[in-house]
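Atoms within each ligand, like the ligands themselves, are counted from 1 in listed order. Heads up: numbering here begins at 1 and tracks the sequence.
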Amino acid sequence: MGRRLDLHEVVDSTNLIAGRLANEGAPDGTLVAADRQTAGRGRLGRSFFSPGGTSLYFSVILRPTSPPEEVPYHIFAAAVAVAETAEAELPEGVSVDIKWPNDVLLDGRKTSGINLPVHVERGQVVWAVLGIGVNVNTTREQFPPELRELATSLGIAAGTEIDRVRFGEALLLRLEREIDALRAGGFPGVLDRWRKFFRMRGAVVRIGGPGIRREVSGTVEGVDAEGALLVRSELGLERILAGDVTVLARRA
Ligand code: BTN
């Protein structure tokens, strides 16, 4: 991964550039990174705040051979890589959690987001782009007011500046290891490591968001072998495959 590197100072979105390169035939593992994004994209059509000089924004082109329904497993692999790298870099006592499926939280606030646009033709995945953003040294003041209570950075959580390049290198090594593990050994091993950071069991949640047809509210019972969130709602046990989770209470 990263043997082909495409580095930029400013881009609209590394995901868009990676998508273009993928359409031109760029190989599996091509890495596109930028210091700043003017139109960073999040999940569910949201934007991702991407100021320059502080953080990591990158996209990896994937050419998975797995069936389309298994491609999202890469999101779990990436969340494990980010969470494990954060845990290794941060002082003990900072809690590193994964909010299903792919937000990495430090002391309850989001420090990293991951998305995975997938390009399918005739039922086959032609390429996917694993987009990862990590707030490394963003200060509280740099976040727009509406994000200040929701977002954080590694530097804020550590109480000191984090070496962005060193963190990026460590993250990419772990990411490569997780993706290799996923391809060689399947999802169970990745999911086991992911579960270590999943502490939402018992939380009362509401799942909705753009494109989600029916809002579901209930209590989280866990995550099944395919990574679906299991929520006990008034209709029974529901398997949630996509959506935005709002935590209403940490334990029922
Ligand atoms: C989310 O939290 O909703 C996902 C955010 C993903 C952001 C990353 S930053 C690098 C890559 N380029 C983008 O435009 N988005 C992803």
Margin query: What's the separation between atom CG in L56 and atom CD1 in I132, rounded to the nearest 0.5 Å?
Written below: 9.5 Å
Using distance only, find each side-chain donor-acceptor pair of residues 17-26 under 3.5 Å and give its atom names and separation, not counting sequence neighbours.
residue, atom, partner, partner atom, Å
N23, OD1, W127, NE1, 2.9
N23, ND2, G19, O, 3.4

Item checked: Per-ligand residue contacts, ligand 1, heavy-atom threshold under 4.0 Å -> S13, T14, N15, Q37, G40, R41, G42, R43, F48, Y57, F58, S59, D103, K110, G113, I114, N115, G131, I132, G133
Notebook entry, point to check: Can you pull the salt bridge (charged side-chain N to carboxylate O under 4.0 Å, His left out) pairs that have at least one residue in residues 39-55, sequence neighbours excluded?
Noted result: R46-D244
Next item on the list: Identify whether the distance between the nearest side-chain nitrogen and carboxylate oxygen of R214 and E238 falls below 4.0 Å.
Entry: yes
Checklist line | Charged N-O contact under 4.0 Å between E141 and R148 | finding: no
Which pairs of donor and acceptor atoms, one on a side chain in residues 175-190, lie under 3.5 Å apart (sequence neighbours left out)?
residue, atom, partner, partner atom, Å
E176, OE2, M1, N, 2.6
E178, OE1, R193, NE, 3.2
E178, OE1, R193, NH2, 3.1
E178, OE2, R193, NE, 2.9
R183, NH1, D28, OD2, 2.9
R183, NH2, D28, OD1, 3.0

